[in-house]
Number of protein chains: 2
Amino acid sequence: MSRMTTARALIYETLETTQEHMTAYQVFDAVKPRLPSLNMSTVYRSLEYLTHEGLISVADVGEGMPIYEAVSNTHHHLVCEGCKKILIVEHEQVKGFFEKISQEYDFTIHTNHLILFGLCEKCRRAKENQSEELPKSLHP
Amino acid sequence: MSRMTTARALIYETLETTQEHMTAYQVFDAVKPRLPSLNMSTVYRSLEYLTHEGLISVADVGEGMPIYEAVSNTHHHLVCEGCKKILIVEHEQVKGFFEKISQEYDFTIHTNHLILFGLCEKCRRAKENQSEELPKSLHP
DNA sequence: TTAGAATTTGCATATAATTGCAATTGCAGA
DNA sequence: TCTGCAATTGCAATTATATGCAAATTCTAA
């Protein structure tokens with residue numbers, strides 16, 4: 001049977017109260033003062049556990065390390081590869097798609113945090129201008 | 001300026017002809033005989049480069065290492081957390097959703113390989129039965 | 001309340017992935 | 001075809017993550 005231990009509880013509480021996404025190391029730094037014996041492997045294992053329990057979500061934002069956050073208000077992210085800006089997508093916008101896939105493939109989707117990479121409007125425009133205006137020899 | 005070097009070309013060619021997804025290590029093993037000087041860091045960097053160029057796609061299947069594949073026929077994956085089975089989702093099924101998000105958020109989506117985790121029909125049913133039929137004391 | 005079984009943790013170590021830097025390679029222009 | 005410079009590679013660390021195992025902790029049932 002699985003147990004909600006001190007370490008797991010503190011880690012979850014931290015993510016829950018912060019309401020921000022954090023890397024494994026940030027979680028470690030935040031919890032360590034209250035649980036000095038805490039070890040990085042416990043952090044990794046606890047995050048994996050909490051994810052599996054559906055209490056938190058992981059997402060790999062591509063640059064750097066994966067981020068974890070409490071799943072209270074389910075949402076998703078658009079990550080701009082140009083300026084690294086992150087846009088929030090409400091689950092409402094995704095729900096229908098998930099339901100369609102679920103039905104079509106008879107598959108219950110657990111994933112609750114989507115990360116889509118691409119270009120925000122500003123960076124897209126910047127790129128278009130660049131391609132059109134620069135002389136060929138200056139292309140990157 | 002970016003260059004299509006021997007290493008990058010061989011790595012791409014391997015993924016392209018294989019038409020299978022491979023881990024970084026599998027790519028290394030496949031290319032090494034034809035390019036003995038090849039080094040793992042080159043593999044990682046080349047895979048990153050090819051991904052960025054849109055020639056291949058990465059996907060983190062959760063268990064184990066991320067997998068790479070040539071993007072010829074764009075598709076997506078459903079990964080069953082019960083039996084680890086992988087279902088293929090045609091891009092046709094996803095296209096509409098991407099377009100909607102693109103418009104709504106004025107964001108050009110580059111992501112071309114979605115991985116959704118969950119339970120296939122068989123495992124879902126197995127789990128339902130388990131919850132209903134087992135006496136409380138035998139629960140995991 | 002406590003004993004005992006089972007899960008979880010810390011530690012040490014292994015594996016995966018990333019990075020700085022010098023040497024090498026590829027390409028545009030002569 | 002050759003040259004020079006910028007991009008890429010290999011190597012040797014470094015950092016991030018995962019894992020085996022013994023010790024510690026948690027929970028159930030008596």
Side-chain angles (χ1 to χ4, degrees), chain A residues 1-15 21-53 55-68 84 134-140, chain B residues 1-14 21-53 55-68 81 84 134-140:
Chain A
M1 181 204 317
S2 74
R3 294 169 182 169
M4 181 52 70
T5 63
T6 317
R8 292 172 176 180
L10 284 176
I11 287 173
Y12 177 64
E13 190 190 317
T14 300
L15 286 166
H21 54 241
M22 304 173 86
T23 65
Y25 279 87
Q26 289 173 326
V27 169
F28 177 79
D29 291 342
V31 175
K32 183 81 176 176
R34 294 211 276 158
L35 185 66
S37 71
L38 187 68
N39 183 283
M40 266 313 282
S41 36
T42 302
V43 173
Y44 283 114
R45 285 189 281 218
S46 300
L47 290 171
E48 189 190 355
Y49 167 82
L50 292 167
T51 304
H52 202 262
E53 292 297 298
L55 292 169
I56 67 176
S57 68
V58 215
D60 194 330
V61 187
E63 311 276 322
M65 316 168 209
I67 57 177
Y68 299 83
K84 312 298 175 196
L134 287 187
K136 189 159 183 273
S137 62
L138 288 182
H139 271 203
Chain B
M1 179 204 319
S2 74
R3 294 171 185 170
M4 181 52 68
T5 63
T6 317
R8 292 173 176 179
L10 283 177
I11 287 172
Y12 177 64
E13 190 190 318
T14 301
H21 55 240
M22 304 172 86
T23 65
Y25 279 85
Q26 289 173 326
V27 169
F28 177 80
D29 291 342
V31 175
K32 183 80 174 177
R34 294 211 277 158
L35 185 65
S37 71
L38 187 68
N39 182 282
M40 266 313 280
S41 36
T42 301
V43 173
Y44 283 116
R45 285 189 280 218
S46 299
L47 289 171
E48 189 190 354
Y49 167 81
L50 293 167
T51 304
H52 202 262
E53 293 296 300
L55 292 170
I56 67 176
S57 68
V58 214
D60 194 331
V61 187
E63 311 275 322
M65 315 169 209
I67 57 176
Y68 299 84
E81 292 172 329
K84 311 301 175 195
L134 287 187
K136 188 158 183 273
S137 61
L138 288 182
H139 271 203

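Throughout, a chain's letter reflects where its sequence line sits, starting with A, and its residues are numbered from 1.
- Atoms CG and OG, on B/Leu47 and B/Ser57 in that order, are 11.0 Å from each other to the nearest 0.5 Å.
- Residue-to-nucleotide contacts include no donor-acceptor pair under 3.5 Å from the side chain of B/Arg8 to the base of C/dG26.
- Dashed line: the shortest gap from a side-chain N or O of B/Tyr44 to OP1 or OP2 of C/dT18 is not under 4.0 Å.
- Contact annotation: A/Tyr25 reaches the phosphate of D/dA16 (side-chain N/O to OP1 or OP2, under 4.0 Å).
- You won't find any donor-acceptor pair under 3.5 Å spanning the side chain of A/Arg3 and the base of C/dT8, going by distance alone.
- Relative to the side chain of A/Ser46, the nucleotides C/dT9, C/dT18, D/dA16 differ in distance, and C/dT9 lies closest.
- Between A/Leu55 and A/Arg8, every side-chain heavy-atom pair lies at or beyond the 4.5 Å cut-off.
- Within the 4.0 angstrom heavy-atom criterion, base atoms lie near B/Ser41.
- Between the CD1 atom of B/Ile11 and the OG1 atom of B/Thr5 there is a distance of 8.0 Å, given to the nearest 0.5 Å.
- Between A/Asn39 and A/Ser37, every side-chain heavy-atom pair lies at or beyond the 4.5 Å cut-off.
- Counting to the nearest Å, the C1' atom of C/dT25 and the CG atom of B/Leu10 are 15 Å from each other.
- With C/dG10, C/dA17, D/dT17 as the choices, the nucleotide that has an atom nearest any side-chain atom of A/Asn39 turns out to be C/dG10.
- For B/Ser37, counting side-chain heavy atoms from C-beta on, the closest listed nucleotide (D/dG10, D/dT9, D/dT26) is D/dG10.
- Heavy-atom distances to DNA chain C give each of B/Arg45 and B/Thr5 a nearest nucleotide, and the one nearer the 5′ end belongs to B/Arg45.
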